[in-house]
Colleague: 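My structure is below; once you've seen it, I'll send some questions.
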Amino acid sequence: QRFDRAPVRLGDVIRDAMKAFDAATLTARTEVFLDLNSTEDLEVRGDRDALGQALSNLLINAWKYTSDDTRRIELRARAGDRHVEVAVADNGPGIGRDEKKRIFQQFERGQAGENSGRRGSGLGLAIVRAVVRAHHGRIDLRSRPGEGAEFRIRLPRARAAGK
């Protein structure tokens, strides 16, 4: 797949992802706690639609695999000198060590997905990983069973003109 390589504001990507998340979770609205730490105006070089889809996939997964009555989802963004990091964290069942690499493969679903009875194709995280890699970024997962999951996307910042 070909992606645009234009400077895009992180705030626009986050707003796009939140709109898709709100549409997907219309039947059971969930508040997402935002901590953007003055990163909304920062730019990354990439495809706004693809990056928004990747982020919304992470948000929707957090929603799908977390219990309705105790659900807590956080979206945080931090800026480094050369990178921007966006994290989606939840308080769901967590992901075991043996599943961490496998869940990024096409058509694979983690144990929580299988146990929850929620529908899914096993493509969401594979798409996220493909989009992030195509943007010269990295995705990391921090999780332990029973302690939720945190997915961190790290993307290079767009360079200012003349640098």
Colleague: Quick one: does D90's side chain have a donor or acceptor within less than 3.5 Å of a partner on A149's backbone?
Modeller: yes
Colleague: Would you find a donor on one side and an acceptor on the other, under 3.5 Å apart, between the side chain of W63 and the backbone of I73?
Modeller: no
Colleague: With rounding to the nearest 0.5 angstrom, report the CZ to CD1 distance, R142 to I95.
Modeller: 13.5 Å
Colleague: Hey, could you give me the CG/CZ distance between L155 and R82, rounded to the nearest 0.5 Å?
Modeller: 16.0 Å
Colleague: Do any side-chain atoms of residues 130-141 form donor-acceptor pairs under 3.5 angstrom with protein atoms, and if so which ones, sequence neighbours left out?
Modeller:
from: H135; atom 1: ND1; to: V131; atom 2: O; distance (Å): 2.7
from: H135; atom 1: NE2; to: D47; atom 2: N; distance (Å): 3.0
from: R138; atom 1: NE; to: D140; atom 2: OD2; distance (Å): 3.0
from: R138; atom 1: NH2; to: D140; atom 2: OD2; distance (Å): 3.2

Colleague: Is F21 close to V32 at the side-chain level, that is, under 4.5 Å between some pair of heavy atoms?
Modeller: yes
Colleague: With sequence neighbours excluded, tell me which residues meet side-chain contact (heavy atoms from CB on, under 4.5 Å) with A20.
Modeller: S56
Colleague: Is the CZ atom of R15 crowded by more than 12 outside heavy atoms at less than 6.0 Å?
Modeller: yes
Colleague: Taking only residues two or more places apart in sequence, or in another chain, which ones meet D16 in a salt bridge (Lys or Arg N to Asp or Glu O under 4.0 Å)?
Modeller: R48
Colleague: Not counting sequence neighbours, which residues clear salt bridge (Lys or Arg N to Asp or Glu O under 4.0 Å) with E74? List them please.
Modeller: R72, R76
Colleague: Quick one: pull up CG in D49 and CG in D12 and give me the separation to the nearest 0.5 Å.
Modeller: 11.0 Å
Colleague: Sequence neighbours left out, what passes salt bridge (Lys or Arg N to Asp or Glu O under 4.0 Å) with R154? Give chain and number order.
Modeller: none
Colleague: Taking only residues two or more places apart in sequence or in another chain, which ones pass side-chain contact (heavy atoms from CB on, under 4.5 Å) with E43?
Modeller: P7, R9, A158
Colleague: Is atom CZ of R157 surrounded by more than 12 heavy atoms (other residues, nucleotides or ligands) closer than 6.0 Å?
Modeller: yes
Colleague: Any side-chain heavy atom of L125 within less than 4.5 Å of one from N57?
Modeller: no
